[in-house]
Amino acid sequence: MLNVILLGPPGVGKGTQSSNIARHFELIHISTGELLREEMAQGTPLGLQIQQLMDSGQYVSDDIACGLVRREIDPTRGLVLDGFPRTIPQAETLDQMLAGLGRKLDRVIELRADHPTLIQRMMDRAKTSGRADDTPEIFGERLRTYDAKTAPLIKYYSDKGLLVSIDSLDKIPVVTQRIISVLE
Ligand code: AMP
């Protein structure tokens with residue numbers, strides 16, 4: 001049962017690549033960003049609480065993010081995590097959650113692209129995504145939040161010998177194939 005994380009800055013292609021990988025290996029795809037957007041769309045109390053944070057490029061609390069993942073994990077199926085963990089405490093909670101199920105992480109794939117490419121992809125996506133946080137101003141804040149809070153995970157997983165970094169500048173199927181080769 002494969003357990004994989006796709007790590008990387010906003011706009012790098014985590015969502016698209018996670019879907020492709022989930023389909024190829026028949027894994028469940030857990031995107032905390034998607035789950036948060038569903039909560040907001042339903043106007044739940046949790047949804048209202050997180051909207052302001054998301055719309056200013058900040059992260060929601062570790063408790064909220066971990067709670068969403070705990071709810072979605074299926075003990076009988078492998079998983080690809082997209083946009084989670086985003087902080088060291090989330091990574092530690094994930095280790096505990098998996099250990100509780102007698103499982104562990106197999107690989108952490110870091111997707112890489114330069115800032116101009118990320119900004120261009122965000123602007124392309126903004127045309128169809130309808131996401132309130134796909135604007136140049138908020139995107140800049142999301143990149144800063146990533147550098148401050150999530151980039152430390154690269155060392156965290158590299159120290160554990162789990163990290164593989166992949167260039168995400170090429171066309172989508174080329175990048176997908178690279179990830180598949182690493183996981184096979
Ligand atoms: P994404 O769709 O992955 O780009 O996530 C969109 C937004 O949701 C992020 O900018 C954060 O505000 C929030 N978010 C998603 N995943 C997490 C997480 N694991 N921890 C904290 N905030 C998150």
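Whatever order the structure lists them in is the order used to number ligands and atoms, beginning at 1. Here the structure is a predicted model, which means the values were calculated and not measured. The figures here come from the full heavy-atom set of this structure, side chains too, leaving out hydrogens, waters and symmetry mates.
- A donor-acceptor distance shorter than 3.5 angstrom exists from the side chain of R142 to the backbone of D133, with no hydrogens or angles considered.
- Considering both main-chain and side-chain atoms, Q90 comes within under 3.5 Å of ligand 1 through a nitrogen or oxygen pair.
- Its side chain within the 4.5 Å cluster rule, L27 clusters with L2, V4, L6, V12, I21, F25, V80, I109, L111, L118, I119, M122, M123, F139, L143, V164, I166, V175, I179, I180, V182, L183 among the Ile, Leu, Val, Met, Phe, Trp and Tyr residues.
- For ligand 1 and T32, the ligand atoms under 4.0 Å from any heavy atom of the residue are 15 (C), 16 (N), 17 (C), 18 (C), 19 (N).
- Side-chain N or O atoms of T87 include none that pairs as donor or acceptor with a backbone N or O of K149 at under 3.5 Å.
- A donor-acceptor pair shorter than 3.5 Å can be found between the side chains of D74 and T76.
- Listed by atom number, the atoms of ligand 1 under 4.0 Å from A65 heavy atoms are 18 (C), 19 (N), 20 (N).
- R142 NE, 4.0 Å is the protein heavy atom nearest to atom 10 (O) of ligand 1.
- Of all the listed residues (R86, R131, E34), R86 holds the heavy atom that lies closest to atom 3 (O) of ligand 1.
- For the residue pair S56 and E141, no side-chain donor N or O sits within less than 3.5 Å of a side-chain acceptor on the partner.
- Under a 4.0 Å criterion applied to the non-hydrogen atoms of M54, ligand 1 contributes the atoms 6 (C), 7 (C), 8 (O), 12 (O), 13 (C).
- In this structure, I28 places its CD1 atom where more than 12 heavy-atom neighbours from other residues, nucleotides or ligands lie under 6.0 Å away.
- Between V60 and ligand 1 there is a heavy-atom distance shorter than 4.0 Å.
- For ligand 1 and R37, the ligand atoms under 4.0 Å from any heavy atom of the residue are 2 (O), 6 (C).
- Ranking the protein heavy atoms by distance from atom 12 (O) of ligand 1 puts Q58 O, 2.6 Å first.
- Heavy-atom neighbours of Q52 CD from other residues, nucleotides or ligands within 6.0 Å: at or below the threshold of 12.
- The atoms of ligand 1 that sit less than 4.0 Å from any heavy atom of L36 are 8 (O), 13 (C), 14 (N), 15 (C), 23 (C).
- More than 12 heavy-atom neighbours from other residues, nucleotides or ligands sit within 6.0 angstrom of CZ on R178.
- Remark: ligand 1 atoms within the under-4.0 Å shell around heavy atoms of G83 are 16 (N), 17 (C), 18 (C), 19 (N).
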